[in-house]
Enquirer: 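After the structure tokens below, expect a handful of questions from me.
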Amino acid sequence: MKKQPFLSYITFYNQNIVSDEYPFNLPFLKDGLEIKLEKNVTFLVGENGSGKSTILEAIASKIGFNPSGGGRNHYYESAEKESELAKYTFLGWTPNRINEGFFLRAESFFNFASYIDETGSKRYGKPLMHHSHGESFLALFENNFQFGIYLLDEPEAALSPRRLLELMSIIYTLEQSGEAQFIIITHSPILMSYPYGQIISLDYVKPTVISYKETDHYQFTKSFLDNPDAYFHHLFK
């Protein structure tokens, strides 16, 4: 039976913060922040620099995941520092806190894959570094995702459109069982079309729930595909 999300809300308290540096100068953090998660799949969307990855890093840090990617039991040298925002972030759980799951950072996945291969793990069939980039992503999804909360930062980075549909199938199977929750940062209009998810845009004064067709990603992509020559006319003057 499908359950409500494990992680039900994220609150950021800005009391006693005097810094005006990133990430504390993000507009939606000015008066504090609360994000309510109503579904087992949530997409955080917005323009580059809107703070999506910063929020995901704070969540990962509070749960206890490796800041460079991985779960709570993955220990390897990391260039990533613990999130500053995490110190002011509170996570609300239903009914109890969990720390099972995984934090995927597409930009540092190479380091995680190298670490896993060095441990001699047989979970993925063959060493992750012997897969293509996209195949290693899917091997991770298929063999590591079971019970827990999964934080994915731009998983489309290594996946073709066809492979994105495979990822959506994996997400569907897990989240519909109530065994897994996903918070996903993406720029992919294919991925965010997932019909059972919630889309939260960070392009407004406050994080705002919007529909798929309200996203800039859908509107821009559709407009371009409908008439690419119009865009080329302006781009290549």
Side-chain angles (χ1 to χ4, degrees), residues 22-23 25-30 33 35 37-57 69 103-113 128 131-142 145 150-176 182-237:
Y22 191 90
N25 60 357
L26 288 167
F28 61 80
L29 294 178
K30 181 180 178 182
L33 168 71
I35 298 177
L37 306 178
E38 299 179 343
K39 297 188 178 182
N40 284 329
V41 178
T42 301
F43 297 100
L44 297 181
V45 305
E47 265 299 340
N48 295 332
S50 61
K52 304 180 300 299
S53 293
T54 301
I55 289 178
L56 204 66
E57 289 164 5
F103 177 33
L104 172 73
R105 295 178 63 106
E107 62 190 36
S108 58
F109 183 76
F110 175 87
N111 296 334
F112 171 78
L128 284 174
H131 292 275
S132 72
H133 198 186
E135 288 174 338
S136 63
F137 268 41
L138 282 177
L140 170 71
F141 302 149
E142 292 169 345
F145 288 15
Y150 297 95
L151 313 176
L152 312 183
D153 193 348
E154 299 187 10
E156 72 271 18
L159 300 177
S160 69
R162 189 180 301 274
R163 295 297 193 186
L164 278 175
L165 296 182
E166 293 182 36
L167 172 58
M168 290 168 71
S169 177
I170 294 170
I171 291 172
Y172 175 79
T173 299
L174 289 171
E175 72 97 355
Q176 289 288 310
F182 294 84
I183 302 176
I184 304 171
I185 290 173
T186 184
H187 290 291
S188 168
I190 292 178
L191 190 54
M192 68 180 69
S193 72
Y194 182 78
Y196 305 106
Q198 174 187 36
I199 300 175
I200 299 176
S201 174
L202 302 184
D203 284 335
Y204 298 86
V205 175
K206 290 291 183 181
T208 303
V209 176
I210 61 175
S211 70
Y212 171 56
K213 291 187 177 181
E214 288 178 307
T215 64
D216 287 343
H217 308 75
Y218 169 84
Q219 293 179 10
F220 182 86
T221 302
K222 183 177 186 305
S223 176
F224 176 80
L225 293 176
D226 285 345
N227 190 6
D229 289 340
Y231 286 85
F232 297 150
H233 174 75
H234 291 286
L235 287 171
F236 306 146
K237 281 184 178 179

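What you see is a predicted model; the values in this text were computed from it and never measured.
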Enquirer: Between Ile210 and Tyr204, is there a side-chain heavy-atom distance shorter than 4.5 Å?
Expert: yes
Enquirer: Hey, could you give me the CD1/NZ distance between Ile199 and Lys213, rounded to the nearest 0.5 Å?
Expert: 12.0 Å
Enquirer: If you look at every heavy atom in Val45 and Thr186, which pair is closest and at what distance?
Expert: CG1-O, 4.0 Å
Enquirer: Does Thr221 reach the main-chain N or O of His217 with its side chain, forming a donor-acceptor pair under 3.5 Å?
Expert: yes
Enquirer: Would you call the rings of Tyr194 and Tyr196 parallel, tilted or perpendicular if under 30° counts as parallel and over 60° as perpendicular?
Expert: perpendicular
Enquirer: For Gly51 and Leu26, which heavy atoms make the closest approach, and how far apart are they?
Expert: CA-CD1, 3.8 Å
Enquirer: Could you state the interatomic distance from CD (Glu38) to CD1 (Ile200), rounded to the nearest 0.5 Å?
Expert: 8.0 Å
Enquirer: Run the numbers on Glu154 and Lys52 for salt bridge (charged side-chain N to carboxylate O under 4.0 Å, His left out), then give the verdict.
Expert: CA-CA 10 Å; Glu154 299 187 10; Lys52 304 180 300 299; 5.5 Å; no
Enquirer: When rounded to the nearest 0.5 angstrom, what distance separates CG in Leu165 from CD1 in Ile170?
Expert: 11.5 Å
Enquirer: Is there a side-chain contact between Arg105 and Glu57 (heavy atoms, below 4.5 Å)?
Expert: yes
Enquirer: With a 3.5 Å cut-off and no angle check, do the side chains of Glu47 and Ser50 form a donor-acceptor pair?
Expert: no
Enquirer: Roughly how far apart are His187 NE2 and Met192 CE, rounded to 0.5 Å?
Expert: 8.0 Å
Enquirer: How about Lys222: does its NZ atom have over 12 heavy atoms from other parts shown lying under 6.0 Å from it?
Expert: no
Enquirer: Any luck finding a side-chain donor-acceptor pair between Ser193 and Tyr218 under 3.5 Å?
Expert: no
Enquirer: What is the distance from atom CG of Leu104 to atom CG of Leu152, rounded to the nearest 0.5 Å?
Expert: 5.5 Å
Enquirer: Calculate, to the nearest 0.5 Å, the distance between atoms CG and CD1 belonging to Leu191 and Ile185 respectively.
Expert: 12.0 Å
Enquirer: Given the side-chain rings of Tyr231 and Phe236, with only the six-membered ring counted for Trp, is the space between their centroids under 6.0 Å?
Expert: no
